Novice: 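Please read through the structure below; I'll follow up with questions.
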Amino acid sequence: MLDRIETANGLTDIAGVRIELIKRGTGRPLLLLHPAIGIKSADRAIEELARSFTVIAPSHPGFGRSELPRAMTTVDDLAYFYLDVMDALDLRDVVLAGVSFGGWIAAEIAIKSTERLSHVVLADAVRIKLGDREQRDIVDIFTTKQSEVDRLAFHDPKIAAIDHASISDEDAHILFRNREATALFAWSPYMYDPKLASRLHRIRVPTLVLWGASDRIVSPDYGRAYSKLIAGAQFELIEGAGHYPHIERPDLFTRKIVEFVSRARRGGK
């Protein structure tokens, strides 16, 4: 079915929605769900992963150049959309991997159905509340200066630097469209689903929780607590990376996923 994907003007019609979709590599399918900053910055990770998997990397509805149906307003809607995508493409034994906001979507997918999934990878995922109402678990990206967000998000903040004077109109449009979509899906309550934590036990396939050791947007301790809510989940740090390990360390990000999938297939821990 993947070989018959038809694209027009850079968009693919899947499950009734026209979306951007990158497909690379051969082998078992890996559905990569990008963070709020979009898919473009994941190019190196996609190329690394494509050496071991058929990587399917869409721009979420409302992000990049993907259209946003009027009725799609919650992460729950996005999760059901991706379940429909896997049905439409007849994907089986899927490795589902999500980073940050994409990790939240991946978790929401997996608590609903793991019928088409073989493994789940959650990298620096958000969406659960650990502290009390006065304690912020996740830095508020909407009220924090972008320079400070970059400092907190990256092991090396220079990687995030954008020259706004030279950015193309198209890239600027995508940048602000991604931010607008993030506000739509994650503003209230901020990066939080009050029901998700109590439902993570429903993830019944091997799960790897990856975390950038230098992540100061969502701390590694948050990641450890996240993994403990999923039966049998493994937790691993990625050194030299912050909130977006697929950008700063695509080599380690990929290697840990490949080793995890291989190990889990053999029944190892």
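Quantities reported herein were computed from a predicted structural model and do not represent experimental measurements. What you see below is based on every heavy atom in this structure, not just the backbone, and it leaves out hydrogens, waters and symmetry mates.
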Novice: According to the ring-ring contact (aromatic ring centres under 6.0 Å, His included) rule, which pairs have a member within residues 78-99, sequence neighbours left out?
Specialist: His60-Tyr82
Novice: Among all residues two or more places apart in sequence or in another chain, which pass the side chain to side chain contact (heavy atoms under 4.5 Å, CB included) test with Ser52?
Specialist: Val258
Novice: Is it the case that His243 and Ser100 place a side-chain donor and acceptor less than 3.5 Å from each other?
Specialist: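 On atom types as modelled, these side chains qualify, holding a pair under 3.5 Å.
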Novice: Can a side-chain donor-acceptor contact be found between Ser59 and Glu20 if the only test is distance below 3.5 angstrom?
Specialist: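 Glu20 vs Ser59: donor-acceptor pair found between side chains.
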Novice: Just so I know, are the side chains of Phe235 and Leu122 near enough to count as touching, which here means a heavy-atom distance under 4.5 Å?
Specialist: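 The answer is no; the side chains never approach within 4.5 Å.
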Novice: Counting N and O atoms only, with roles assigned by atom type, does the side chain of Trp104 sit under 3.5 Å from a partner on the main chain of Val75, one being a donor and the other an acceptor?
Specialist: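 Not confirmed, Trp104 side chain does not pair with Val75 backbone.
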Novice: Which pairs count as salt bridge (Lys or Arg N to Asp or Glu O under 4.0 Å) when at least one residue sits in residues 243-253, sequence neighbours excluded?
Specialist: Arg249-Asp251
Novice: May I ask you to test the Leu31-Val95 pair for a side-chain heavy-atom distance under 4.5 Å?
Specialist: no
Novice: Strictly distance-based, threshold 3.5 Å: is any side-chain N or O of Asp171 a donor or acceptor partner for the main-chain N or O of Ile167?
Specialist: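 No, the answer is negative, given that no donor and acceptor are paired below the 3.5 Å cut-off.
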Novice: What residues, two or more places apart in sequence or in another chain, satisfy side chain to side chain contact (heavy atoms under 4.5 Å, CB included) together with Ile37?
Specialist: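 Result, side chain to side chain contact (heavy atoms under 4.5 Å, CB included) vs Ile37: Pro35, Ser41, Tyr244, Ile247.
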Novice: Measuring only between side-chain heavy atoms, which start at C-beta, is Tyr192 closer than 4.5 Å to Val126?
Specialist: no
Novice: Using modelled atom types only, decide if a donor and an acceptor are shared between the side chain of Asp150 and the backbone of Lys158 within a distance under 3.5 Å.
Specialist: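 Side chain of Asp150 to backbone of Lys158, a donor-acceptor pair under 3.5 Å: no, none is there.
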Novice: For Ser118, what residues pass the side chain to side chain donor-acceptor pair (under 3.5 Å) criterion, not counting sequence neighbours?
Specialist: Arg28
Novice: Report yes or no: does Arg127 contribute a side-chain atom to a donor-acceptor pair with the main-chain N or O of Ala125 at less than 3.5 Å?
Specialist: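 Here the side-chain-to-backbone pair does not exist.
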Novice: Run the side chain to side chain donor-acceptor pair (under 3.5 Å) test against Ser227 and tell me which residues pass, sequence neighbours left out.
Specialist: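 Expected list: none.
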Novice: Identify whether the distance between the nearest side-chain nitrogen and carboxylate oxygen of Glu236 and Lys256 falls below 4.0 Å.
Specialist: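 Yes.
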Novice: Begin from the C-alpha positions of Glu148 and Arg151 and carry the test salt bridge (charged side-chain N to carboxylate O under 4.0 Å, His left out) through to its verdict.
Specialist: CA-CA 5 Å; Glu148 178 66 4; Arg151 186 187 70 80; 2.7 Å; yes
Novice: Using side chain to side chain contact (heavy atoms under 4.5 Å, CB included) as the criterion, list what pairs up with Ser147, not counting sequence neighbours.
Specialist: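 For Ser147 the side chain to side chain contact (heavy atoms under 4.5 Å, CB included) partners, ignoring immediate neighbours, are Lys145.
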Novice: Strictly distance-based, threshold 3.5 Å: is any side-chain N or O of Ser66 a donor or acceptor partner for the main-chain N or O of Gly62?
Specialist: no
Novice: List for me each residue that meets side chain to side chain contact (heavy atoms under 4.5 Å, CB included) alongside Arg179, sequence neighbours excluded, and say none if there are none.
Specialist: Phe142, Gln146
Novice: To the nearest 0.5 Å, tell me how far Leu96 CG sits from Ile56 CD1.
Specialist: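 The CD1 atom of Ile56 is 10.5 Å from CG of Leu96, to the nearest 0.5 Å.
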Novice: Below 4.5 Å, heavy atoms only, C-beta onward: do Phe53 and Thr26 meet side chain to side chain?
Specialist: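 No. Closest side-chain heavy atoms not under 4.5 Å.
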Novice: Residues in side chain to side chain donor-acceptor pair (under 3.5 Å) with Thr144, at least two apart?
Specialist: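 Thr144 satisfies side chain to side chain donor-acceptor pair (under 3.5 Å) with no residue once adjacent residues are dropped.
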Novice: With distance as the sole test, does Tyr222 use its side chain to make a donor-acceptor pair with the main-chain N or O of Asp124 at under 3.5 Å?
Specialist: no
Novice: Check for a donor-acceptor pair, side chain of Thr114 on one end and backbone N or O of Ala110 on the other, with a separation under 3.5 Å.
Specialist: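 No, because the side chain of Thr114 does not come within donor-acceptor range (under 3.5 Å) of the backbone of Ala110.
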Novice: Less than 4.5 Å apart, side chain to side chain, heavy atoms only: is that true for Val55 and Lys23?
Specialist: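 Answer no - side chains too far apart.
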Novice: I want to check something: taking the side chain as every heavy atom from C-beta on, are Val121 and Leu30 in contact at a cut-off of under 4.5 Å?
Specialist: no
Novice: Can you name the side chain to side chain donor-acceptor pair (under 3.5 Å) partners of Glu47, sequence neighbours left out?
Specialist: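 Here the qualifying residues are Arg24.
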Novice: Restricting to pairs with a member in residues 199-215, which pass salt bridge (Lys or Arg N to Asp or Glu O under 4.0 Å), not counting sequence neighbours?
Specialist: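 Passing the test, one end in residues 199-215: no pairs.
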Novice: Tell me, which pairs form a salt bridge (Lys or Arg N to Asp or Glu O under 4.0 Å) where one or both residues lie in residues 109-123, sequence neighbours left out?
Specialist: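 Residue pairs passing salt bridge (Lys or Arg N to Asp or Glu O under 4.0 Å), neighbours aside: Asp76-Lys112, Asp87-Arg116, Asp90-Arg116, Glu108-Lys112.
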Novice: Are any of the side-chain heavy atoms of Thr12 and Arg18 separated by less than 4.5 Å?
Specialist: no
